[in-house]
Amino acid sequence: MTPSSEIRVGLATCGIAAGAERIYSALKASLEEHATSVPLKRVGCIGMCYNEPLVDVVASDGERITYRQVQEKDVERIVSEHILGGEPVEDLLLQPDGFFEHQVRIVLENCGLIDPESLDEYRQHAGYQALNRVLTDMSPGQVIEEIKASGLRGRGGAGFPTGLKWGLASKEPGPAKYFVCNADEGDPGAFMDRSVLEGDPHRVLEGMTIAAYALGATHGYVYVRAEYPLAIARLEKAIADARKAGLLGKNILESDFSFDINIKAGAGAFVCGEETALIASIEGRRGTPRRRPPYPTTSGLWGKPTVINNVETLANVPWIIRHGANAFAQYGTERSKGTKVFALAGKIKHSGLIEIPMGMPIRDIVFGIGGGIRADKALKAVQMGGPSGGCIPASLADVPVDYESLKETGAIVGSGGMIVLDENTCMVDVAKYFLDFTQKESCGKCTFCRIGTKRMLETLTRICDGEGTPEDLDRLVELGEKVKAYSLCGLGQTAPNPVLTTAKYFRDEYEAHIAEKTCPAGVCKALIAYAIDPQRCKDCKLCVPECPVEAISQGDGAFQVVDRSVCIKCGRCYSVCPFGAIDVVSRKEEVR
Amino acid sequence: MTVTIDGKAFTCQDGEMILEVTRRAGIEIPALCSEKRLAPFDSCGVCVVEVEGKGVVKSCSTPVEDGMVILPHSPEAEDVRRAVLELLLSNHWGDCIGPCQQACPAHTDCQGYVCLAGNGLFREALEHLYNYLPFPASFGRICPAPCEDACRRQIVEEPIQIRHMKRFLGDQGLDYVPSVAADSGFRVAIVGGGPAGLSCAYFLQRQGHAAVVFEAMPKMGGMLRYGIPDYRLPQDVLDWELSVLQRMGIEFRNGVRLGGDLSCEQLEKQYDAVFLGLGAWASGGLGVPGEDHPAVRQGTDFLCHVNQGERPTLPEHVAVIGGGNTAMDAARTARRLGAQVTVLYRRSREQMPALPREINEAEEEGVTFNFLVQPVEFLTNGEQLSGIKCVKMQLGGLDASGRARPVPIEGSEFVVPVQATILAVGQLPDTTCLSGAEIEVDRRGRIIADEATGQTSRTKVFTGGDVVTGPSIAVEAVGAGRRAADAIDQFLRGVEVDPPFVYTHEKMDVMRVDIGDVEEVPRVVTPVRVPEERTADFDEYETDFTPEQAIAEGARCLGCGCTVFNDCALRDYSAASRAQQASYAGELDRKRPDERHPFIIRDLGKCIACGRCIRVCGEVCGIHAIDFVGRGISQEVQAPFDRPWQESACVSCGACVDTCPTGALADRSTLEKQVPLDLTETPSVCTLCGLTCEINVLSLNGRYMKTLPRHEEGILCAKGRYGWHTITEAQRVTAPLLREGSKWAETSWEDAFRVIAERLPRGENETVVIGSGHLTNEEGYLLARLGREGLHTTLFAIGDVMSRESVVLPGDALASTVAIDTADLIIVVGPRSRYERFVLDLRLRTAKKAGAIIIGLQADLPEADVAIEELPAAGLMGALSQPDPEVDDRLVAIKERISSATHPLLVFEERTVSADAVRAIARLVEIQPAWKVAMVRALPNTNGLAKVGFQLDGKDLALDTARACLVVGTNPAQEDSVAAKLKQMNFVVTMAVVNNETTAQSDVVLPMSLPIETNGHLIDTDGNPKQLTSILRSPAGEENWEILVSLAQALDLHWDYADVNAVTSAIEAQTKRRSFPEEYGCQLGGERGGLAAKIEDALSALNV
């Protein structure tokens, strides 16, 4: 038996949402009660959302034993049997399920392992070594060369080579240059940056400081959305601790280099993730994009050369400096180096935060790391890149995840949203969902984005309501191409992607909605009806009280029937039926 | 570098955008969000062009590259442009023109004349109506008024009485003859004197082409005269309206028949073009036995005879067969001839093509109706008609006209006993007269012609009206006549016959909620004669509006059409791109106009989110009063918290209105009820302060409507732009006034002059003459001459502030305000006036952008690089002229900057700064010869008055010893000390625009014209001459120079000036033109008085 050296509770936002705070308190109380000296530690996100709350017990030899989906009633057993008794509680243990096996953790190296609020612990995990090396051994030019050599590309979505961007800004004259960390993570379903900020905030600060040194910036901002209060709190503490430790402010680590960071909380406009809108927002103006050029590297914040990198990009920087460009470049493909963090979500067994080497085929992610589709249904598509991205059909599941290959499909790597869709997903509905998001988030500046996305959404709504015409589909694609081509910023330029990719790969589904007035996936309410199969119905009547409109009544025998003139298609009967006796049928059948 | 645009090479500079180059080259690329003064905004997407190798790009934000090949109108670029415009249109909630005008086949601007009438402007309304319709009184009686069917007021309660308004205006007896353009030398033959032919002739004549109308019947009018009974349209009304056409020079030739007396070929040879308006005079028949019986007459024939004065005797029972308006006319006419009339119609009442009003009125008059019956045979009893055998019908499936088809019921035959029958079952064109003319005709005899132009298969021959369409309503023929006239005009001028495409946007599916808070007011209905009375004669049975009723009815108009219908880039570009409103039709925000600002109407439903108003307000004016609020499709231009703009930082300069490319922002005119109109635009200068900005005055028939900056990028202050809005006719002195005791009485000019001649003393220096910096050179000159020669006085003053102090600045230090544009350091000395400063600040902003350093001393100048506000400017100026200024950081900073300036300039406004400050300025320029001073005059023509001999201050005037005073255009009595002195005088004569403290002290008051009602010249603050043009009619009836000449004559001076130019020449002969006098006095201190003060008071709601 090995004594336990520490206990970690995953207390990022995801863990807290799953009830980890209660587990932490219970553990604390229990440990106190038992008067053990084993330290209890808050850590960030380890990535296994599907297993939250997670509790790690680390043995003195470093071995980590993980308990998954811990409930309050389990706490006493973990303390008494494992911490005190030395015997892991077998039935609560996380069983290896392939989730970590294929991952390579560079960005997430410390996430879930260290206490994010402890500068010391970060330093114990090689924290600020890279900064120290840069300030003592490297010229700004050498830093830029190193980053260039690593092949690191911007992880915010566009994939612009990071070293090149730094190089451009470093060549601009004048001492006043700004460095901005873009933490305005806005894609629905994306939480990569939040996890890093919550789990390893110093890493981002270190990356920023190295970047600032490389390009000669004197001041930095972290532009983080106000919806991330925990991330902001941890960043604030990290900045304060770093200043105190001489890692920020004047003469960092007693060098000649001075740099300080402020936090700017964004008010939640999606478009403020766009560089020029973000700059306008920091300057106190309305967050709308402007034309580029001039690029921010030439004229950015307050008209000065400004580099904007996203959180994940920066989180790679200390690792690259510590391990060297070649170590980084060994991962990934010819043009897409290193790893990429994804928020894996949707109809997948292992939803969570993953980091994979670039170039891994989609199939390996879904079925390897992700454990396959929930309820073992068929994979229909993977939505990549959030509202700016597209849907890659199952037939292209062997496409490697890298910038160029994904672009060819019409989707993008994006910031890292990856939503797995199964056979019960209506692709028109998915397109509508994302377009609804971008349409609302359009800043309203460009005609095509402001009105075009609205009209596209109305067309999709018509199609989903069974009122689409054959011309609608062509006009939708035609308008989508124009919105893409003639919008000013990335929001508008990518907003039609979910529509265009689904129209490309799932055209038959659109046509079914339009020509046959059916929703093949059984999702679009206007096009479906619920029917109880008399053969399968066991007359258990579970569905009867579930129906909010009393549409279900006794049939002509030992079965129930749905009165379709009353039914509001809420689907509650369908969910509750233990025998799968309720079918989603198309509205056409209803007519028949 | 060189680029190629549309195949032509242009040189351009690095960094220029494509749009800048095309603008410079005079090539128009549509653009909505770009504006010369603003940085590229890159939002609307309308300015797309194709660049070879790059595809379609936005020209406003794409820099030129050497060798670039630019195609502004390639199919690809046009496709994108159309899509952008169609998206904007899909989100545009507005009507270019009202639904009434849209519905009128003649495109008559109903909203225009209804609203003008609603403002009580009947003359203007009638003239406006004549732009569209040559027969207002006639059509005001007979038109079925499709406009009223379309009128949106019926969503509230009932449509506007548009037809009746026409009638009222036409009946005004205003002796109006529309103007005719200069003779083009072309002659056009019009065949047919009905509504189509006469309209064509009318519109041709107006365009300067001589129209000759040939008509077979003895009189003109066609169906208006021969088809419509007198009780609906009296002959004398029509005669009057035809006489207007004749007075315009249109030639009428009656009794000439095509095919008989003349041929189409002949006309083609003799005339430059031919219009055929032959109408549809042939009648249809039933094709049943007995139809040729003499007691079976054709309705048109019957009406034609009665309308020519015949009163045939009818048997007791008469049947009228048919359900159209001709049937109703025939039935009601037969009633008036004493018969019992039954109308037989084969369908039901609902399907009758006659107007419901006509049917109801026929019924009131005792006509009976027998529906769903079909005559099958006319029965005779010997020679006499004894009855009509009919079969009953029932309604079956729909026929080609979309109406239910009547089907006979077998065995339902019955007999209607009548002794006479009038058939009114349809008319047809008779085009047999065209045989051999090689003009294509369809099998129903209708001429085949281009729908939009009326051009026939013979290019020189045009047509329109019933001969093309078959029988239709008269206003349809007016429309056809006008379209043909426009096409003939193109044909005559040798350009392609192709009517311009006009884009017209419409609000779709308007509901009650979209109209907003409109009080329900029932439409004005005038009495009609009771049926018993009206069937006794052929006199008219309807009655006219009273003027009050017309105004009340006009006031009901909702004013759907856009006030900038004629100045909308969105509309123009949509037309050019042939964009369709419905291409991307979808949900839109049905915003209602915001009329909280007294002079600016915001109609945000028409906003296209180009942001030009916001950027001009901020970037150009430096005000930043407005911004976008909200996101995406629901963003909106607002002042903070959506408060009324005048409660924000807004200075009501109207620059936002001028830059708005649509009707989202529009200026209010002075009319109570806004009317979209083409206004007359006349250049002038603003005379409300010394800056004399160049303006255009917009007027309607000599009536002030609004003011705009003269130049595209000009900006005025609120006073200049909206000031004249506040002077109403009610406030004006409009006739000479004589005081009798304590009372005032209006008098004639003669009496007024007689009293003045009798009482105004003419001994040496017995009378003081007080003029004003508001007077023109000509007025000042005449006034000075009148004083010297007629009153023998040398006492002249510019009397706006009598008790002022004046300081003289050395002439060689003076610069014009133009120096602001070239100075590298500008010290603005304050305080400054409320409105004038705005325009000055714009120039300072521009100077600052060009690199000048701006320093403000007590100047409240937001653009200042260094400013000291809390200390008096005089002291600061004094400190600056000391070798060692007091130790104040800011003064030291100012000193430093001054020392490095090469073109330093001092700017101050006359009269707002203290005498001490000006003395300090005078001292500074004495010791610093490099310094120049630009002084802004308080009044528009102080320089001009000084030139003709008026003193700049009144200190030396012997007001105490003088016995009388002649005051022109100023209000010296606003100062109590002057008022007291005037009171002691024997006689005071005042010429004034409005009553004021001085007129209250006067014995005689003469009305005077405003500068915008005056011809003449000014010498502006920079010493440059500027011309004033009389744009508006003075309520006094005469211009000031004419009044002064008449007054001089009354004082026994015998002047002879043919016109104002003769006065101008006299001044020029006498004075050398020079920018500045040797010394330059300026008026200082005192309150602002006179008209400008009155206007400023009226504008106080603007919160500037």
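On a predicted model such as this, the values are computed, not experimentally measured, just so you know.
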For the interface with chain A, which of [options] has the highest count of heavy-atom pairs at distances below 4.5 Å?
options: B:Gly611, B:Ser90, B:Ser634; value: B:Ser90
options: B:Gly45, B:Ala609, B:Cys610, B:Pro63; value: B:Ala609
options: B:Cys44, B:Gly630, B:Gly586; value: B:Gly586

* Leading residue by heavy atom contact count with chain B [cutoff under 4.5 Å; candidates A:Cys446, A:Cys449, A:Pro289] ->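 Heavy-atom pairs under 4.5 Å are most numerous for A:Cys446.
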* Who among A:Glu441, A:Arg291, A:Arg462 has the most heavy-atom pairs with chain B under 4.5 Å? ->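 Ranked by heavy-atom pairs under 4.5 Å with chain B, first place is A:Arg291.
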Find out whether the Lys NZ or Arg CZ of [X] is both under 6.0 angstrom from the six-membered ring centre of [Y] and within 45° of the ring's axis.
X: A:Arg475; Y: B:Tyr584; value: yes
X: A:Arg292; Y: A:Tyr295; value: no
X: B:Lys58; Y: A:Tyr486; value: no

With a 4.5 angstrom heavy-atom cut-off, could you sort out which part of [X] is near chain A: side chain, backbone, both or neither?
X: B:Ser583; answer: both
X: B:Val56; answer: both
X: B:Asp79; answer: both

* Asked: Quick one: does A:Val430's side chain get under 4.5 Å of A:Cys391's, heavy atoms only?
  ->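 Yes. Closest side-chain heavy atoms under 4.5 Å.
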With only heavy atoms counted, which part of [X] is less than 4.5 Å from chain B, the side chain, the backbone, both or neither?
X: A:Arg290; result: neither
X: A:Arg455; result: side chain
X: A:Lys454; result: side chain

* Report the residues that fulfil ring-ring contact (aromatic ring centres under 6.0 Å, His included) with B:Tyr503, sequence neighbours left out, ordered by chain and then residue number. =>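 B:Tyr503: ring-ring contact (aromatic ring centres under 6.0 Å, His included) contacts with B:His505.
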* To do: Would you check if there is a donor-acceptor pair between the side chains of B:Thr662 and B:Arg571 at a distance under 3.5 Å?
  =>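 Judged by distance alone, the side chains do not pair up.
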* Could you check whether the rings of A:Tyr178 and A:Tyr221 sit parallel, tilted or perpendicular, using 30° and 60° as the cut-offs? =>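 Tilted: the ring planes of A:Tyr178 and A:Tyr221 meet at 30° to 60°.
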* Asked: Hey, is A:Arg225 close enough to A:Asp187 for a salt bridge, meaning N to O under 4.0 Å?
  ->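 Salt bridge absent between A:Arg225 and A:Asp187.
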